[in-house]
Amino acid sequence: MAKSTFSGPVVSNNGFIQAGSSNIKEITVATTLTFNDHAGRIMEVNDADGVITLPSIKSAELGAKYTFFIGTNMTGKIKTDGTDKFVGSIMVAVDDDAKKAFVPGATNDVIDMNNGTKGGKVGSYVEITALATAEYMVQGLLIGSGSVATPFADS
């Protein structure tokens, strides 16, 4: 199906359903995401040490959501283009009931997982939304081990 673009409001009284095999994208290598191919979809990450780069935020694409499910223990990163920064929070939890929420600093543009203290174990998930110019809102739960530590970093 071709991409449709509307310049005015679109109303659906019963909602839009995103479902089907094309709604899930598997990531097995370092990947730079695009709005057209990845926004609104769930990315199952099966690249243990890969780097996933979010697209640069464009004003016409505000509200675009990128959802990640960690399917293979991960020591990789999810990062922006370096200009866009993160706001929001991520919870890191371990199997002894220890957990802590982390808020990114003003210059943080990387979520750096280590399959341990910063999370990245199978079952972790992160949802990232283009909130404003140069600002991605992040939320999620990273499953880790040991003494939890912030997954946020600068590039």
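Residue numbers run from 1 in the order of the sequence given.
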- Task: Indicate yes or no: at least one non-hydrogen side-chain atom of Tyr66 is less than 4.5 angstrom from one of Pro55.
- Result: yes
- Task: Please assess Val87 against Leu131 for the test side chain to side chain contact (heavy atoms under 4.5 Å, CB included), listing each intermediate value before the final yes or no.
- Result: CA-CA 9 Å; Val87 297; Leu131 186 62; 3.9 Å; yes
- May I have the step-by-step check of side chain to side chain contact (heavy atoms under 4.5 Å, CB included) for Ile128 and Ile111, ending in yes or no? CA-CA 11 Å; Ile128 300 172; Ile111 300 168; 4.1 Å; yes
- Do the ring planes of Tyr136 and Phe86 sit parallel (below 30°), tilted (30 to 60°) or perpendicular (above 60°)? tilted
- Task: Measure across Ala130 and Glu61 and return the closest heavy-atom pair with its distance rounded to 0.1 Å.
- Result: CB-O, 3.9 Å
- Query: Could you state the interatomic distance from CD1 (Ile57) to OG1 (Thr83), rounded to the nearest 0.5 Å?
  - Reply: 10.0 Å
- Task: For the residue pair Thr28 and Asp47, confirm or rule out a side-chain donor-acceptor distance under 3.5 Å.
- Result: no
- Task: Mind running side chain to side chain contact (heavy atoms under 4.5 Å, CB included) on Glu44 and Asn46 for me, showing each step along the way?
- Result: CA-CA 6 Å; Glu44 182 174 348; Asn46 288 307; 3.3 Å; yes
- Message: Under 4.5 Å between side-chain heavy atoms, counting indirect links through other Ile/Leu/Val/Met/Phe/Trp/Tyr residues: same cluster for Ile27 and Phe35 or not?
- Response: yes
- Do Lys118 and Val92 pass the side chain to side chain contact (heavy atoms under 4.5 Å, CB included) test, and can you show the C-alpha distance, the side-chain angles, and the key distance before you say yes or no? CA-CA 7 Å; Lys118 300 186 218 175; Val92 179; 5.9 Å; no
- Pro104 to Gly88 - nearest heavy-atom pair and separation: CD-O, 3.2 Å
- Message: Between Thr133 and Lys58, is there a side-chain heavy-atom distance shorter than 4.5 Å?
- Response: no
- Taking every non-hydrogen atom, the tightest pair across Met74 and Ile52: CE-CD1, 4.4 Å
- Message: Hydrophobic clusters here meaning ILVMFWY residues chained together by side-chain heavy-atom distances under 4.5 Å, can you tell me if Met91 and Val94 are in one?
- Response: no
- Query: Are Leu33 and Ile24 linked, directly or through other ILVMFWY residues, by side chains that come within less than 4.5 angstrom of each other?
  - Reply: no
- Query: How long is the span from the CE atom in Met137 to the CD atom in Glu127, to the nearest 0.5 Å?
  - Reply: 7.0 Å
- Query: Rounded to the nearest 0.5 Å, what separation is found between the CE atom of Met43 and the CZ atom of Phe69?
  - Reply: 13.5 Å
- Message: According to a hydrophobic-cluster definition based on side-chain heavy atoms being under 4.5 Å apart (Ile, Leu, Val, Met, Phe, Trp, Tyr only), do Val138 and Val103 belong together?
- Response: no
- Distance in Å, Ile90 CD1 paired with Lys100 NZ, rounded so as to fall on 0.5 Å steps: 14.0 Å
- Query: Does Thr31 have any side-chain hydrogen bond (donor to acceptor under 3.5 Å, both in side chains) partners at least two apart in sequence or in another chain, and if so, which?
  - Reply: none
- Message: Within this structure, what is the CZ-CG distance for the pair Arg41 and Asn36, rounded to the nearest 0.5 Å?
- Response: 8.5 Å
- Item | Inter-residue atom distance Thr129.OG1 - Gln139.CD, 0.5 Å rounding | 6.0 Å
- Please determine, by modelled atom types, if Asn73 and Lys121 share a side-chain donor-acceptor pair under 3.5 angstrom. no
Would you tabulate the side-chain donor-acceptor contacts of residues 140-155 under 3.5 Å, counting partners in other chains and residues two or more places apart, or write 'none'?
residue: Thr150; atom: OG1; partner: Phe152; partner atom: N; Å: 3.2
residue: Asp154; atom: OD1; partner: Thr107; partner atom: OG1; Å: 3.0
residue: Asp154; atom: OD1; partner: Asn108; partner atom: N; Å: 3.2
residue: Asp154; atom: OD1; partner: Asn108; partner atom: ND2; Å: 2.8
residue: Asp154; atom: OD2; partner: Thr107; partner atom: OG1; Å: 2.9
residue: Ser155; atom: OG; partner: Asp109; partner atom: OD1; Å: 3.4
residue: Ser155; atom: OG; partner: Asp109; partner atom: OD2; Å: 2.7

- Go through Thr75 and Asn114 one step at a time and tell me if the side chain to side chain donor-acceptor pair (under 3.5 Å) criterion holds. CA-CA 4 Å; Thr75 60; Asn114 65 359; over 6 Å; no
